[in-house]
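Remember, it's 1-based here, ligands and their atoms both numbered in the order they're listed. Computed from a prediction, not measured in an experiment: that's the story for all the values here.
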Amino acid sequence: MKKIKSIVTGGAGFIGSNLVDKLVKKGHTVIVIDNFISGKKSNLSHHSRKNVKIVKLDISKDKNLSKYFRGVNYVFHLAGLAEIIPSIKDPAKYFINNTLGTLNILEAAKKVKIKKFIYVASSSCYGKTKKNSN
Ligand SMILES: NC(=O)c1ccc[n+]([C@@H]2O[C@H](COP(=O)([O-])OP(=O)(O)OC[C@H]3O[C@@H](n4cnc5c(N)ncnc54)[C@H](O)[C@@H]3O)[C@@H](O)[C@H]2O)c1
């Protein structure tokens, strides 16, 4: 039976590496795209190279990403700088890393007609709740 192939950007990070664990358990082969700015190789060291291929690159700088996307069934996009206060202090840095990075990933996915693209956003974009739900 043909294996399901997934890409996890930010797969060496906190959420991404847990997602990679789950996908491998479900029988996926996974390509992790990460520049290790906050992610760690040790988060993935328990996986064999057969199941998890690691590609080290910066998604905001590399415009030739589509070569990794051929034959891929699912793209899970988690790569990004996640801190809120630093992003307010230095919005340009976060714009380049997160917005441009996401655009490059979307363009690559579009080029090879990826059908399933899952974007892991932050709930922070909705702001704080106005009243307590209790
Ligand atoms: N942790 C949370 O509570 C939470 C909740 C909701 C959403 N999120 C979102 O989920 C995503 C992952 O969060 P996390 O807590 O796992 O963060 P994390 O910092 O542990 O993981 C982010 C990963 O992205 C990689 N990365 C960052 N910029 C990159 C770039 N330009 N190119 C390639 N790789 C890059 C980092 O090296 C890291 O491995 C973020 O977008 C975050 O906003 C997090």
Query raised in the report: side-chain contact (heavy atoms from CB on, under 4.5 Å) with K41: which residues, sequence neighbours excluded?
Result: F36
Query raised in the report: Is N98 reaching over with its side chain to a backbone N or O of L81, donor-acceptor style, under 3.5 angstrom?
Result: yes
Query raised in the report: Who are the side-chain contact (heavy atoms from CB on, under 4.5 Å) partners of F117, not counting sequence neighbours?
Result: V75, H77, I105, L106, A109, Y119
Query raised in the report: Listing by chain and number, which residues have a heavy atom under 4.0 Å from ligand 1?
Result: G10, A12, G13, F14, I15, D34, N35, F36, I37, S38, G39, L57, D58, I59, L78, A79, G80, A82, N97, V120, A121, S122
Query raised in the report: Can we say D90 and K93 salt-bridge, meaning some charged N sits less than 4.0 Å from an Asp/Glu carboxylate O?
Result: no
Report summary line: Across all chains, not counting sequence neighbours, the salt bridge (Lys or Arg N to Asp or Glu O under 4.0 Å) partners of D62 are none
Query - N43 (side chain) donor-acceptor with A12 (main chain) under 3.5 angstrom - result: yes
